[in-house]
Amino acid sequence: AAPHTGQNRPRTLTPTPGQAALRRAPARKTKASSKLVEQVARKIVIEERVADATKELIPFLPRLPRSVKRLVNQPRLLISVAVCRDMIGPEVTARHVGKWAVLLERWPDLADAVIAQPKIMKIAESATGNNLDGLAAPLPALPAAKQELIAFLDGETKLGPVIERLISALPATSATD
C-alpha cells in the first residue's frame, strides 16, 4: 500500500471555529454598525445641545482661566446626562441645563441651598429688579458680585419651574408637575 499523503482526504462538512466566526461576522457587523450609528447620532445631539447651553454661560464667565474651563466643561457633562436620561423636552431645555451649570459654578452656596430647598430658586427669581435684600432669610449669604447674581436671576431662562427636574435628573416623560 502506498503511503497516504493527505491530498485525497475527504473534506469535512463541519466548519472550523474560524470559518464559523466568519459566517457570523456579517450579523455582528450589522449590530456593531447600528450601535455605532446610534452613538454618532447621540454625540451630534449632545453637541447641538451643548452649543445651545453655552449661550447661558457667556454673560457669566468667571475671570480666572481655570474657572472658565471648568464652567465650559460642565454643560457637556450635564447635557450628556440629560440626553441619556431623556430629560431634554418641552419643559427642560439645553439652556436650562446651561444656566444650572452657571449656578453650580458661580454661586455654589446658592446652588447648595437650592438643592436642599428647591423652592428657593422660584423665590430668588421672583425677586424684583435690584432688590435681593428681602431674600436674606431663605438664601445663604449673598455674594459680593450681587449685580451679576441679579442679572443671572433676571435672565430670560428661568430655573424655578424646572429646578426639581434638574436636581433629580428626571426624564421628560415622567413629569411630576
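We use all heavy atoms of the structure for the numbers below, so side chains are in, but hydrogens, waters and symmetry mates are not.
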Donor-acceptor under 3.5 Å ([X] side chain, [Y] main chain):
| X | Y | value |
| --- | --- | --- |
| Lys122 | Leu159 | no |
| Ser126 | Ile123 | yes |
| His96 | Val162 | no |
| Lys99 | Thr157 | yes |
| Glu56 | Val102 | no |

Taking the side chain as every heavy atom from C-beta outward, state whether [X] and [Y] have any atom pair closer than 4.5 Å.
| X | Y | answer |
| --- | --- | --- |
| Ile167 | Val114 | yes |
| Leu170 | Met87 | no |
| Leu36 | Gln39 | yes |
| Pro62 | Arg106 | yes |
| Val72 | Thr54 | no |

Nearest heavy atoms of [X] and [Y], plus distance in Å:
| X | Y | answer |
| --- | --- | --- |
| Ala111 | Leu104 | CB-CD2, 3.8 Å |
| Ala101 | Gln74 | O-OE1, 3.2 Å |
| Gly98 | Leu57 | O-CD2, 3.6 Å |
| Ala53 | Ala94 | CB-O, 3.2 Å |

The criterion is salt bridge (charged side-chain N to carboxylate O under 4.0 Å, His left out); which residues satisfy it with Lys55, sequence neighbours excluded? Asp52
Could you go through residues 76-85 and list every donor-acceptor pair under 3.5 Å that involves a side-chain atom there, pairing it with any protein atom two or more places apart or in another chain?
unit_1 : atom_1 : unit_2 : atom_2 : d
Arg76  : NH1    : Glu47  : OE1    : 3.0
Arg76  : NH1    : Glu47  : OE2    : 2.7
Ser80  : OG     : Arg76  : O      : 2.8
Arg85  : NH1    : Ala169 : O      : 3.3

Straight-line distance of Ile88 CD1 to Arg165 CZ, nearest 0.5 Å: 10.5 Å
From CG (Leu71) to CZ (Phe60), nearest 0.5 Å: 10.5 Å
Which of parallel (below 30°), tilted (30 to 60°) and perpendicular (above 60°) describes Phe152 and Trp107? tilted
Verdict with supporting geometry, Leu103 and Met121, side-chain contact (heavy atoms from CB on, under 4.5 Å): CA-CA 10 Å; Leu103 181 64; Met121 194 73 230; 3.9 Å; yes
Pairs flagged by salt bridge (charged side-chain N to carboxylate O under 4.0 Å, His left out) wherever residues 61-73 is involved - sequence neighbours left out: Arg70-Glu105
